[in-house]
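Chain letters run A, B, ... following the sequence lines, proteins first, then strands; residues in each count from 1. This one's a predicted model, so the numbers in the text were calculated from it and none came from an experiment.
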Amino acid sequence: MAAERVQVTNADIADMLNEMANLLEIDGANPFRVRAYRQAALTIATMPRPLADMVEQGENLTDLPGIGESIAAKIEEIVRTGKLDQLEEERSHIPPQLTELLRVPSLGPKRASVLYKELGITSLEQLKQAAQEQRIRQVKGFGPKLEQTILKDIEQAQQYQRRYLWAEAAQIARPLVEYLRANDRVKRVDVAGSYRRGLETVGDLDILAIGTTDTPDPAIGEYFVRYPSVKEVISRGDTRSTAVLASGMQVDLRVMPAESYGAAMIYFTGSKTHNIHLRQIALDKGLKLSEYGLFRGEERVAGATEQEVYRTLGLDYITPELREDRGEIEAAAQGQLPHLVTLEDIRGDLQAHSKASDGVNTIEEIALAARALGYAYVTITDHSRRLRVARGLDPRQVREQMNEIDRLNARLENITILKGAEVDILKDGSLDLPDDLLGDLDIVVCSVHSSFNLSKEQQTERIIRAMDNPHFNILAHPTGRRLGERQPYEVDMERLMLAALERGCYMEINSQPDRLDLNDKHAHMAKTLGLKLAISSDAHRADDLSVLQYGVMQARRGWLEPEDVLNTRDWPELQRLLRR
DNA sequence: GCCGTTTTCGGCCCGACTGTTTTCAGTCG
């Protein structure tokens, strides 16, 4: 067998373009040129389809947003040779390690460049030493305070810059918001930022507050920094304060007047690219958009509510989950925004584990919890025998469980328990339970729990072979990733989705906060291809059925509407969809 | 470097805070 060709990944290309941007910036290049490289890198890093494939098939890269002739040629060079000549060139006259200095907050390209030219500093170590020897304060434009700040910031740069799972961030945000709302001088408090957009991980919290007075009330910022969990105050002004909590989470608080609330919410919710696009539209209409409002000259024409700002820009209201500048602004201009799925649309759960395998509750307890959530059905999907660590069930145990479910269904009202299993896809693509048994289940959920490091080709083939089994219904956590813990295994997602469509199979958005797998881009890809998805809790305890809300958030970020989701259907209709 | 039913050239989002300055540059979001 021929050695597999090593394909340049989108991440590789994005890294090289980002490094170009960093080096050019230190070099004092045109800032818009620098931005163009960053923009292109962002586009590339977040697109699911491998650029290498596009190049191979001779597709036109300049069709991609932010990629023109020049960068397209560079991408082709990278794909073909694995290198970029111009990057080598830049590296030869600017020490590439210098970009390391940009990771230090308070050091940008200008200061990094000055420190290199004046003191010959190229690494964090040298920077630290220079600061300790008080040589930095002697450089023009620097002083003792900045030197101290740099010294402190080096520590931060050397630490792993952690992001929090959305669910973790929520646990930090909620009590803080409650604390702020408890103050009489505060009229309104909301969390904005990536948290509000429902991103799977959150780096910091952006909180917006409105006071009871017309002018910014400094007392609110003072109250904020007295929050008991505040470990360190980074900055404090009348309208803006930044602090780090004991958890390590950074929090930015902005205090705004009520007349600017909507504009400020838009501004602080982001994303950055969404905002830049909105501001461009404002300029085109002879208006100016800032966090204070939408202005024609000095006159504020909108700003109190988000709806008002969008409307004045000629746009339908765009829900935060969509604000990524991935076409939502164009859709809003044409009245074509999707009507996104909500938690209320969900009729039941398609994956949950009982104590029979690695869950903690009985089937009855799970059923009652599902009923309490207003569901019509819940599916018990205990693991199959191969997964020893999860006490996977053998065929006889699955049969016993099916009988138990029959007895429970006869007894319980207003909830239907569906018979399922989470069946291991073995290395050769066969399923871990016999066909006659699978044929008697209501729903067969299949997933990969072993041999994560097969090649992309092998992993894809393995899963497609599993889908060839006529009882295969839903591919669970299709990439196997665990946020912050485990990278996804390699698969050709587009091929998998097309294979699923051909065979009448489906995929899952797993709602566990550290999985959220499929991710938003893959979910959007599924919608585009016409593949319906399940949103499942994968609960291992009855209380965890509620994590399904995170999966809904991810689905919304993927533009999914109720009809794109399997479990917005009642059981009879779902049953028809599952038939192959 | 990208982009365009106003443009193939001349634009490219906007404001707060800090530290270093005597009016502003750099950084950040």
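Along DNA chain B, the nucleotide nearest A:S70 and the nucleotide nearest A:R254 are compared for position; the residue whose nucleotide lies closer to the 5' end is A:S70. Nearest-nucleotide positions on DNA chain B place A:L64 closer to the 5' end than the other of A:L64 and A:I276.
A:H522 and A:D517 form no side-chain donor-acceptor contact under 3.5 Å, judged by distance and modelled atom types alone. There is a side-chain donor-acceptor pair under 3.5 Å between A:R196 and A:T269. Using a 3.5 Å distance cut-off with no hydrogens or angles, the side chains of A:Q554 and A:E200 do pair a donor with an acceptor. Counting only N and O atoms by type, the side chains of A:K74 and A:S70 include a donor and acceptor under 3.5 Å apart. Between the side chains of A:D325 and A:H274, no donor N or O sits under 3.5 Å from an acceptor N or O. Side-chain contact check for A:E125 and A:S123: no donor-acceptor pair (N or O, by modelled atom type) lies under 3.5 Å.
If you take CD of A:E69 and C1' of B:dC2, they are 11 Å apart, rounded to a whole angstrom. Rounded to whole Å, the distance from CD1 on A:I329 to C1' on B:dC13 is 13 Å. Atom CD1 of A:I44 and atom P of B:dG1 are 14 Å apart (whole Å). One atom, NE2 of A:H277, and another, C1' of B:dC2, lie 14 Å apart when rounded to the nearest Å. As rounded to whole Å, 16 Å separates atom C1' of B:dG1 from atom CG of A:L87. Rounded to whole angstrom, the span from the CD atom of A:Q148 across to the P atom of B:dT18 amounts to 17 Å. Nucleotide B:dG1 holds its P atom 14 Å from the CD1 atom of A:I67, rounded to whole Å. Nucleotide B:dA16 holds its C1' atom 18 Å from the CD1 atom of A:I207, rounded to whole Å.
Of the C1' atoms belonging to B:dC2 and B:dT8, the separation is 12 Å, rounded to the nearest Å. For the P atom pair drawn from B:dT21 and B:dG26, the interatomic distance equals 13 Å after rounding to whole Å. Separation of the P atoms belonging to B:dC13 and B:dC17 is 22 Å when rounded to the nearest angstrom. Nucleotides B:dT27 and B:dT20, compared at atom P, are 13 Å apart to the nearest Å. When the P atom is compared between B:dT6 and B:dG1, the two are found 28 Å apart, to the nearest whole Å.
Comment: A:R279 does not engage A:D284 in a salt bridge, judged by the lack of any side-chain N to carboxylate O separation of less than 4.0 angstrom. The pair A:K110-A:E25 does not meet the salt-bridge criterion, since no charged nitrogen lies less than 4.0 angstrom from a carboxylate oxygen.
Using a 4.0 Å cut-off, no side-chain N or O of A:T149 falls inside it from OP1 or OP2 of B:dT18.
Atom OH of A:Y317 and atom CD of A:E306 lie 4.5 Å apart (nearest 0.5 Å).
A:L283 comes within contact range of the sugar-phosphate backbone alone, with a heavy-atom separation under 4.0 Å but no base atom that close. Among the heavy atoms of the strands lying under 4.0 Å from A:K74 are primed sugar atoms or P, OP1, OP2 only; no base atom is included.
Comparing B:dC13, B:dG1, B:dG15 by their nearest atom to the side chain of A:Y37 picks out B:dG1. The side chain of A:S290 lies closest to B:dC14, out of B:dC2, B:dC14, B:dT20.
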Please enumerate all protein N or O atoms sitting under 3.5 Å from an N or O of nucleotides 22-29 of chain B, with distances to 0.1 Å.
residue, atom, partner, partner atom, Å
B:dT27, OP1, A:G108, N, 2.6
B:dT27, OP1, A:G108, O, 3.1
B:dT27, OP1, A:R111, N, 3.0
B:dT27, OP2, A:K110, N, 3.4
B:dC28, OP1, A:S106, N, 2.9
B:dG29, N2, A:Y267, OH, 2.3
B:dG29, N3, A:Y267, OH, 2.9

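Contacts of residues 9-33 of chain A with DNA chain B (heavy atom under 4.0 Å): A:N30, A:F32, A:R33.
The partner of B:dT8 is absent, by the rule that a Watson-Crick or G-U pair needs both atom distances under 3.5 Å.
The side-chain heavy atoms of A:R556 and A:T342, taken from C-beta on, include a pair separated by under 4.5 Å.
Each of A:M493, A:E494, A:E56, A:K456 was scored for a side-chain contact (heavy atoms from CB on, under 4.5 Å) with A:P50, with one residue passing: A:K456.
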